[in-house]
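Since this is a predicted model, take the numbers as computed values, not measurements. First listed ligand is number 1; within each ligand, the first listed atom is number 1.
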Amino acid sequence: MATKVIKGGTVVTADLTYAADVKIENGTIIEIGPNLSGDETLDATGCYILPGGIDPHTHLEMPFMGTYSADNFDSGTRAALAGGTTMVVDFALPSPNQSLLEALQMWDNKSSMAHCDYSFHMAITWWGEQVFNEMETVVREKGINTFKHFMAYKGALMVQDDEMFASFQRCAELGAMPMVHAENGDVVADLSAKLLAEGNNGPEAHAYSRPTQVEGEATNRAIMIADMAGVPLYVVHTSCEEAHEAIRRARQAGKRVYGEPLIQHLTLDDSEYMNKDWDHAARRVMSPPFRNKQHQDSLWAGLASGSLQVVATDHCAFTTDQKRYGAGDFTKIPNGTGGLEDRMPMLWTYGVNTGRLTMNEFVAVTSTNIAKIMNVYPKKGAVLVGADADLVVWDPEKTKTISASSQQSAIDYNVFEGKTVKGLPRFTLTRGRVALVDGEIKPAQGHGKFVKREPYPAVSKALSTWKELTAPRKVERSGIPASGV
Ligand code: URP
Ligand code: ZN
Ligand code: ZN
Ligand code: ZN
């Protein structure tokens with residue numbers, strides 16, 4: 001097998017910084033040290049060699065709010081590689097009453113286009129004996145150990161507390177980890193209806209309908225429910241101090257609770273919704289919405305201190321035309337923003353270059369912590385002999401101004417448009433394959449492979465039966481595509 005050597009760079013991991021060459025064969029790292037040689041050389045002079053980024057939260061080609069998110073596994077994973085991300089974890093989303101295994105098959109089909117490796121979380125969008133049974137297959141046969149619960153999107157994806165408690169207990173006995181979209185969906189629905197009735201139908205009302213308290217309340221509730229179920233908890237898109245505080249307190253009390261700020265919430269604030277241009281504001285409608293500077297400071301502090309562990313994107317991109325479904329009614333604006341291509345350069349620019357994060361912290365929150373939490377470390381998230389050669393040769397001097405005109409994403413705008421970043425990949429390698437050279441993508445559809453994720457050590461020894469695990473009351477839900485609150 002031909003070998004590659006990344007030469008002349010400085011390896012940066014979550015805990016070490018040192019000069020070394022990295023030798024790759026057959027998609028894995030086979031040697032790290034001085035003066036290595038191989039059949040092919042990649043020049044890393046002046047660069048850092050980092051484990052490839054992992055984005056633990058993407059929605060590619062997802063049916064949502066009357067449409068499909070615009071980036072699929074082709075454009076989505078090209079965007080990932082262009083920004084130094086070499087693995088994405090996407091959400092398989094069953095429609096209410098749909099089999100989990102059937103939904104997984106749909107995601108499996110879509111992901112055959114992937115240019116980089118990927119894994120899935122399974123969403124629990126309804127509850128019943130079939131879901132209870134299929135969860136075992138999902139964990140033990142399909143290699144998925146995380147289950148997402150929406151506490152918002154009432155009447156569509158939202159699950160009730162009793163359903164969540166039952167599902168969390170099932171996660172505990174299977175050695176899986178629940179995740180939550182933590183917003184109080186009942187309160188959001190109520191506030192949304194009132195705002196609309198008062199004639200507030202523009203995108204700025206989306207932010208008013210989801211104040212930080214709805215997130216803080218739901219985060220606290222999910223943490224307590226997880227504690228009662230005896231299971232760790234991963235809180236997605238943590239956007240405010242109230243939610244961060246709940247996570248911080250839980251961790252101090254000895255609970256395994258993880259928080260995931262998004263690059264969008266770290267770098268864009270709620271003034272974006274005050275833009276007079278309807279399109280500008282609508283393009284930034286996502287849940288939770290962007291927050292003010294005080295909340296942003298809280299998230300940055302959490303990353304530095306370790307009370308928040310991960311930076312993701314929740315990449316769920318819609319075109320301007322799709323956003324316009326909500327003209328005249330903000331609750332119909334498809335919720336979601338892009339960010340896959342920009343997460344690492346933006347975090348480096350606003351985190352490392354400003355002194356808010358060290359380089360090692362940057363690696364931890366973009367890659368290593370995620371690999372550990374998702375149980376794929378050290379295959380992913382590591383620069384170690386035997387690890388997959390998912391690597392980024394990071395040039396700290398390289399700059400660009402972010403523009404939709406040059407992005408991989410299929411949408412017609414970029415929420416970071418006009419921002420100048422300093423720190424970009426010179427090369428991105430996916431399992432040893434060079435997929436990006438100085439800003440130019442070398443596509444290979446189908447190169448990406450599904451990464452199985454093993455269960456965590458199970459809390460319970462024996463599995464319960466459906467009858468033993470109290471079956472919650474039946475809830476009426478509309479099908480997907482679903483409404484916006
Ligand atoms: O607004 C968002 N975040 N859209 C994507 C779906 C979700 O809630 O994560
Ligand atoms: Zn969400
Ligand atoms: Zn604008
Ligand atoms: Zn999401």
Side-chain angles (χ1 to χ4, degrees), residues 55-71 76 88-95 107 119-125 146-159 164 178-185 188-189 192 203 205-207 209-210 214-215 218-219 222 233-240 243 258-266 268 270 272-273 281-291 310-319 322-323 325-326 330-340 343 370 409 411 415 480-485:
D55 193 332
H57 188 160
T58 67
H59 301 281
L60 301 176
E61 208 185 330
M62 180 177 80
F64 190 50
M65 297 185 68
T67 185
Y68 280 81
S69 57
D71 280 315
V88 299
V89 193
D90 204 78
F91 289 85
L93 193 79
S95 303
W107 256 259
S119 183
F120 299 129
H121 310 286
M122 175 58 67
I124 299 296
T125 54
T146 38
F147 291 91
K148 160 89 163 281
H149 304 74
F150 290 91
M151 300 170 79
Y153 306 122
K154 186 178 179 180
L157 304 172
M158 183 171 120
V159 286
M164 220 164 63
M179 312 171 89
V180 285
H181 169 133
E183 288 184 303
N184 185 316
V188 170
S192 300
H206 172 80
S209 74
R210 311 179 101 97
V214 302
E215 188 182 343
T219 305
L233 180 71
Y234 184 101
V235 183
V236 304
H237 49 46
T238 304
S239 76
C240 64
Y258 306 106
E260 175 204 78
L262 306 181
I263 189 62
Q264 296 92 319
H265 287 119
L266 287 163
L268 301 171
D270 54 359
E272 300 280 357
Y273 301 119
R283 287 162 170 168
R284 286 148 180 88
V285 162
M286 65 168 304
S287 297
F290 300 160
R291 308 298 194 185
V310 160
V311 176
T313 63
D314 189 7
H315 187 96
C316 189
F318 296 100
T319 63
Q322 289 177 305
K323 290 285 186 179
Y325 294 168
F330 71 88
T331 67
K332 297 197 165 53
I333 301 171
N335 285 202
T337 56
L340 252 173
R343 178 183 65 134
I370 301 167
S409 168
I411 64 171
V415 294
I480 292 174
S483 71
V485 290

S.K.: What is the minimum heavy-atom distance between A189 and K154, and which atoms define it?
M.R.: CB-CD, 3.9 Å
S.K.: Only heavy atoms of H57, strictly under 4.0 Å: list the atoms of ligand 1 that pass.
M.R.: 9 (O)
S.K.: Against heavy atoms of H237, which atoms of ligand 1 measure under 4.0 Å?
M.R.: 8 (O), 9 (O)
S.K.: Which atom names give the shortest non-hydrogen contact between A123 and P94, and what distance separates them?
M.R.: O-CD, 3.2 Å
S.K.: Looking only at heavy atoms, which two atoms of M62 and C316 are closest? And how far apart?
M.R.: CE-SG, 4.1 Å
S.K.: Considering only protein heavy atoms, which is closest to atom 1 (O) of ligand 1, and at what distance to one decimal place?
M.R.: S287 N, 2.8 Å
S.K.: Starting from atom 3 (N) of ligand 1, locate the nearest protein heavy atom and write down its residue, its atom name and how far away it is, to 0.1 Å.
M.R.: D314 OD2, 2.6 Å
S.K.: At a threshold of 2.8 Å, where the distance has to be below it, does the Zn ion (ligand 4) have an N, O or S atom of C316 nearby?
M.R.: no
S.K.: Looking only at protein heavy atoms, which one is nearest to atom 7 (C) of ligand 1, and how far off is it?
M.R.: Y153 OH, 3.5 Å
S.K.: State the atom name: nearest N, O or S atom of H181 to the Zn ion (ligand 2).
M.R.: ND1
S.K.: In the structure I gave you, are the side-chain heavy atoms of H121 and F147 within less than 4.5 Å of one another anywhere?
M.R.: no
S.K.: Considering only protein heavy atoms, which is closest to atom 4 (N) of ligand 1, and at what distance to one decimal place?
M.R.: N335 O, 3.0 Å
S.K.: Could you grab the angle centred on the Zn ion (ligand 4), going from OD1 in D314 to NE2 in H57, to 10°?
M.R.: 80°
S.K.: Using a cut-off of 6.0 Å, state whether more than 12 heavy atoms not belonging to Y325 lie near its atom OH.
M.R.: yes
S.K.: Within a distance under 4.0 Å of any heavy atom of M286, pick out the atoms of ligand 1 and give their elements.
M.R.: 1 (O), 3 (N)
S.K.: Considering the options H149, H237, M158, which one meets the side chain to side chain contact (heavy atoms under 4.5 Å, CB included) requirement together with H181?
M.R.: H237
S.K.: Which ligand 1 atoms, with their elements, are less than 4.0 angstrom from a heavy-atom of C316?
M.R.: 5 (C)
S.K.: I'd like to check T219 versus T238 (side-chain heavy atoms, cut-off strictly below 4.5 Å). Are they in contact?
M.R.: no
S.K.: Only one of V188, T331, N335 clears side chain to side chain contact (heavy atoms under 4.5 Å, CB included) with H206; which?
M.R.: N335
